[in-house]
Amino acid sequence: MVRIDWTSGLLQPSKEVHESVKKLGQLEGIFENAAALKALDPRTAVYRVQAWCPVPEGTEGGLFWGTTVVEPGRVDSEYFMTHGHFHLKRDRTECYATVEGEGALILMNETRTTWMEPMSPGSVHLVPPHVAHRVANTGSNALRFVACWPSDAGHDYESIRKHGFGARVVCVDGKATLVRSAV
Ligand code: S6P
Ligand code: ZN
């Protein structure tokens with residue numbers, strides 16, 4: 001058993017809770033404007049993930065639970081966001097629920113059609129099968145959300161590193177806007 005603080009979405013640290021931080025320097029090639037990224041401090045934390053893995057990764061029939069905190073910020077006009085991934089087992093789905101902050105869940109199917117769902121406190125989202133997912137913080141405070149996914153889903157980051165998403169969420173006149181990616 002683990003405990004969650006519902007006000008922050010954070011899990012109480014335990015040996016089953018894995019914690020990681022993703023910094024700007026590790027997100028090269030993810031944001032569109034490479035020059036703008038280079039001008040920022042690579043040590044800047046973009047997001048933190050806690051994952052409660054009560055069964056070994058790859059176990060069929062199990063579930064993992066996690067909390068992600070995405071910091072507010074932008075690289076040029078593009079909001080701070082997670083790397084994004086397909087599940088290695090493409091048909092594995094996932095649920096997200098927003099605890100705090102404003103954001104966008106960016107979804108892309110295997111034909112690269114990309115859409116977004118606005119995230120705000122209390123919003124619950126389903127990532128359908130065969131759909132890549134990433135989250136952008138479109139607000140000015142931390143965005144916190146919880147997630148639950150099958151323990152045999154796995155993560156395919158490589159496809160996203162190579163081909164990105166079909167669209168990006170950028171700030172246009174102060175508003176989060178989905179714009180098609182340059183090919
Ligand atoms: C796992 C789930 C989340 C993400 C986290 C970070 O399936 O979707 O816990 O891992 O939001 O995103 P990413 O793309 O770096 O894994
Ligand atoms: Zn996932």
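In listed order, ligands and their atoms are each counted from 1.
- The NE2 atom of His85, the Zn ion (ligand 2) and the NE2 atom of His133 define an angle of 80° (nearest 10 degrees).
- Under the 4.0 angstrom criterion for non-hydrogen atoms, Arg134 is not in contact with ligand 1.
- The cluster map of Ile, Leu, Val, Met, Phe, Trp and Tyr, joined by side-chain heavy atoms under 4.5 Å apart, puts Val17 and Leu10 in different clusters.
- The single protein non-hydrogen atom nearest to atom 2 (C) of ligand 1 is Glu94 OE2, 2.7 Å, given as residue, atom name and distance.
- Residue nearest to atom 11 (O) of ligand 1, selected from Thr68, Val146, Val46: Thr68 (by heavy-atom distance).
- Within the 4.5 Å cutoff, no side-chain heavy atoms of Glu71 are placed close to those of Val46.
- Below 4.0 Å from some heavy atom of His155 lie the following atoms of ligand 1, by number and element: 1 (C), 7 (O).
- From the protein, the heavy atom lying nearest to atom 16 (O) of ligand 1 is Tyr157 OH, 2.5 Å.
- Backbone and side-chain nitrogen or oxygen atoms of Gly84 are examined, and one is located within less than 3.5 angstrom of a nitrogen or oxygen of ligand 1.
- Scanning His83, His85, Gln50, His87 for the heavy atom closest to atom 10 (O) of ligand 1 points to His85.
- For ligand 1, the atoms sitting less than 4.0 Å from at least one non-hydrogen atom of Tyr96 are 2 (C), 3 (C), 8 (O), numbered in the order shown with element in parentheses.
- Exactly one of His125, His83, His87 qualifies for a ring-ring contact (aromatic ring centres under 6.0 Å, His included) with His133. That residue is His87.
- Each of the following atoms of ligand 1 lies closer than 4.0 Å to a heavy atom of Phe145: 11 (O).
- Note: Trp149 CH2 to Phe64 CZ = 7.5 Å, rounded to the nearest 0.5 Å.
- The aromatic rings of Phe80 and Phe31 lie tilted to each other, with the angle between the two planes from 30° to 60°.
- For ligand 1 and Val49, the ligand atoms under 4.0 Å from any heavy atom of the residue are 5 (C), 6 (C).
- Residue, atom and distance of the protein heavy atom nearest to atom 12 (O) of ligand 1 are Thr82 CB, 3.6 Å.
- There is a path of hydrophobic side-chain contacts, each under 4.5 Å, that joins Phe145 to Met81.
- When each of Glu110, Arg90, Arg92 is paired with His130, the side chain to side chain donor-acceptor pair (under 3.5 Å) condition holds for Glu110 and for no other.
- Note that Arg168 lies outside the cation-pi zone of Phe165, set by a 6.0 Å cut-off to the ring centre and a 45° limit from the axis.
- The name of the N, O or S atom in Glu94 nearest to the Zn ion (ligand 2) is OE1.
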Problem set entry | Derivation and outcome, side-chain hydrogen bond (donor to acceptor under 3.5 Å, both in side chains), residues Thr44 and Asp41 | CA-CA 6 Å; Thr44 306; Asp41 186 341; 4.7 Å; no
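- Within the 4.0 Å heavy-atom cutoff, Tyr47 counts among the residues contacting ligand 1.
- If you check the side chains of Ser123 and Thr98, you find a donor sitting under 3.5 Å from an acceptor.
- Here His133 has side-chain heavy atoms under 4.0 Å from ligand 1, and that is the only part of it that gets that close.
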